[in-house]
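Everything numeric in this text was worked out from a predicted model, so none of it was measured. Quick note on labels: first sequence line is chain A, next is B, and so on, each numbered from 1.
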2 protein chains.
Amino acid sequence: MQKQEILSKNQKIILDLIEKSDQPLKAYSILFDVKKKGINAPLQVYRALNKLVKIGKIHKIESRNAFIACKNSKCQIAKATVFSICESCEDVTEIHDHKLSEHLRDFKDNKGMKYNKYNLEFFGLCKKCI
Amino acid sequence: MQKQEILSKNQKIILDLIEKSDQPLKAYSILFDVKKKGINAPLQVYRALNKLVKIGKIHKIESRNAFIACKNSKCQIAKATVFSICESCEDVTEIHDHKLSEHLRDFKDNKGMKYNKYNLEFFGLCKKCI
DNA sequence: TAACGCTGTGTAATAATATAACATATTTAA
DNA sequence: TTAAATATGTTATATTATTACACAGCGTTA
């Protein structure tokens with residue numbers, strides 16, 4: 001059984017918006033879109049985004065400063081993310097590859113570091129853009 | 001034989017600074033440091049950084065908006081980077097792991113995407129901070 | 001050698017991304 | 001039922017990055 005997070009009003013509004021988009025959204029474009037719902041300030045958006053990232057409902061695409069919904073219902077905490085990013089059309093897809101995840105999960109460096117999270121971004125050209 | 005890039009004045013100044021630091025530097029902290037050398041504007045810094053990233057002399061740590069020198073002399077083009085980042089002391093280390101690199105290089109998704117680059121960031125606690 | 005393309009420089013202005021600080025409200029848990 | 005934790009709303013500001021314009025140097029080539 002997984003813990004069901006109860007989202008606040010702002011968090012719900014912003015998660016809804018992100019889930020409706022299959023592509024990453026940027027904070028200020030979210031802000032623009034939710035102004036009609038009474039969310040007026042960047043900080044209100046960032047606070048909700050941070051929470052949603054923390055509970056694994058969305059992921060941040062670090063190289064793009066943008067946020068995408070997590071389609072994997074099992075992904076309750078954002079600790080292992082892999083994305084492919086088309087450098088031409090900027091299409092982003094979350095990747096769930098069992099074998100790859102295994103390799104990443106099992107990776108040990110030689111410095112005795114204790115990992116609890118990783119983020120991998122692949123860049124290239126998607127089928128349409130090749 | 002690898003192509004030897006000839007760096008311009010600003011590029012050299014900024015690469016020198018980054019190479020002297022074993023930790024990532026942020027653009028505006030670089031700007032502050034190179035003002036005494038006559039580099040006065042953010043754009044001058046960003047232009048040099050972009051070029052240095054392009055030719056593989058430095059890497060950008062995407063999750064931190066910071067730049068670190070590449071210690072791997074073979075790494076002439078920045079196309080396959082792996083870092084470990086301590087979330088407590090923010091220490092960053094570039095990882096060269098042959099087996100991991102192989103897995104990543106060989107990864108194929110099922111969408112027919114053509115990859116030419118990836119960036120992987122591991123997060124956790126380093127030995128000192130555990 | 002003149003015209004051109006390419007790369008780099010310098011400067012000002014501004015855009016885009018993100019957080020600090022403060023006051024208050026609401027929910028949760030002891 | 002009070003304290004702690006979480007969320008809200010607002011203003012201001014910090015941080016990161018780019019646009020736009022003018023021009024300089026260098027190698028090619030016509």
Side-chain angles (χ1 to χ4, degrees), chain A residues 3-18 23-68 77-78 85 87 90 92 119 121, chain B residues 3-18 23-68 77-78 85 87 90 92 119 121:
Chain A
K3 187 177 153 205
Q4 264 304 334
E5 289 282 350
I6 288 152
L7 298 180
S8 74
K9 179 174 134 282
N10 289 0
Q11 290 159 11
K12 251 179 259 162
I13 291 171
I14 286 171
L15 178 57
D16 273 1
L17 182 68
I18 297 176
Q23 285 301 300
L25 299 179
K26 306 199 136 219
Y28 277 73
S29 111
I30 292 169
L31 176 58
F32 179 88
D33 284 346
V34 297
K35 281 217 161 127
K36 44 178 153 333
K37 305 243 179 183
I39 295 177
N40 297 298
L43 192 46
Q44 294 176 288
V45 173
Y46 280 104
R47 283 196 283 226
L49 290 173
N50 290 341
K51 178 64 187 282
L52 292 168
V53 165
K54 209 160 140 195
I55 63 176
K57 292 290 188 188
I58 64 173
H59 302 301
K60 181 170 186 180
I61 311 298
E62 291 289 354
S63 67
R64 299 299 187 258
N65 301 314
F67 300 84
I68 194 167
I77 294 175
I85 302 170
E87 290 184 298
E90 290 293 322
V92 173
N119 177 60
E121 299 179 8
Chain B
K3 187 176 152 203
Q4 265 305 333
E5 290 281 351
I6 288 154
L7 298 180
S8 74
K9 180 175 133 283
N10 289 0
Q11 290 158 13
K12 250 179 262 165
I13 292 171
I14 286 170
L15 178 57
D16 272 1
L17 183 67
I18 298 176
Q23 285 301 301
L25 298 179
K26 307 201 136 217
Y28 277 74
S29 111
I30 292 169
L31 175 57
F32 179 87
D33 284 345
V34 297
K35 280 214 161 132
K36 44 178 149 346
K37 305 243 178 184
I39 296 177
N40 297 298
L43 190 49
Q44 295 175 287
V45 173
Y46 280 104
R47 282 196 284 224
L49 290 173
N50 291 340
K51 177 65 187 283
L52 293 168
V53 165
K54 210 161 142 193
I55 64 176
K57 292 289 188 188
I58 64 173
H59 302 301
K60 181 171 187 181
I61 311 297
E62 292 289 355
S63 66
R64 298 298 187 260
N65 301 313
F67 300 85
I68 194 167
I77 294 175
I85 303 169
E87 291 184 298
E90 290 292 324
V92 173
N119 178 59
E121 299 180 8

Do the side-chain N or O atoms of [X] get closer than 4.0 angstrom to the phosphate oxygens (OP1, OP2) of [N]?
X: A:Lys51; N: D:dT6; value: no
X: A:Tyr46; N: C:dA18; value: yes
X: A:Lys60; N: C:dA18; value: yes
X: B:Ser8; N: C:dT7; value: no
X: B:Lys9; N: C:dG10; value: yes
X: A:Gln44; N: D:dG9; value: yes
X: B:Lys26; N: D:dT16; value: yes

Can you see which heavy atom on [X] is nearest to which on [Y], and at what distance?
X: A:Leu15; Y: A:Lys57; result: CD1-CB, 4.0 Å
X: B:Ala48; Y: B:Asn10; result: CB-O, 4.2 Å
X: B:Val53; Y: B:Lys60; result: CG2-N, 4.4 Å
X: A:Arg64; Y: A:Glu90; result: NE-OE1, 2.6 Å

Those residues of residues 30-41 of chain A lying under 4.0 Å from DNA chain D by at least one heavy atom: A:Asn40, A:Ala41
Please report the distance, rounded to the nearest Å, between [atom1] in [X] and [atom2] in [N].
X: B:Asn65; N: D:dA14; atom1: CG; atom2: P; value: 18 Å
X: A:Leu7; N: D:dT6; atom1: CG; atom2: P; value: 14 Å
X: B:Glu62; N: D:dT16; atom1: CD; atom2: C1'; value: 12 Å
X: A:Leu52; N: D:dT6; atom1: CG; atom2: P; value: 15 Å
X: A:Leu49; N: D:dA7; atom1: CG; atom2: P; value: 13 Å
X: A:Gln11; N: C:dT27; atom1: CD; atom2: C1'; value: 13 Å
X: A:Ile6; N: D:dA5; atom1: CD1; atom2: C1'; value: 15 Å
X: A:Lys12; N: C:dT26; atom1: NZ; atom2: C1'; value: 14 Å

Distance-only side-chain donor-acceptor flag, B:Glu121 / B:Ser63, under 3.5 Å: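 On atom types as modelled, these side chains qualify, holding a pair under 3.5 Å.
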Which nucleotide wins on minimum distance to the side chain of [X], given the candidates [options]?
X: B:Asn10; options: D:dA20, C:dT9, D:dT8; result: C:dT9
X: B:Asn50; options: D:dT18, D:dA20, D:dT8; result: D:dT18
X: B:Leu43; options: D:dA20, D:dT10, D:dT16; result: D:dA20
X: A:Arg47; options: D:dT8, D:dT16, C:dT11; result: D:dT8

Any donor-acceptor N/O pair under 3.5 Å between D:dA17 base and B:Tyr28 side chain: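 Indeed, a donor on one side and an acceptor on the other fall under 3.5 Å apart.
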A:Ile18 side, atom CD1; A:Ile13 side, atom CD1 - distance, nearest 0.5 Å: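 The CD1 atom of A:Ile13 is 12.0 Å from CD1 of A:Ile18, to the nearest 0.5 Å.
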Point-to-point distance, once rounded to the nearest 0.5 Å, from CZ of A:Phe67 to CD1 of A:Ile30: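 So the CZ of A:Phe67 and the CD1 of A:Ile30 are separated by 7.0 Å.
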Partners meeting side chain to side chain donor-acceptor pair (under 3.5 Å) with A:Gln11 (sequence neighbours left out): A:Ser8
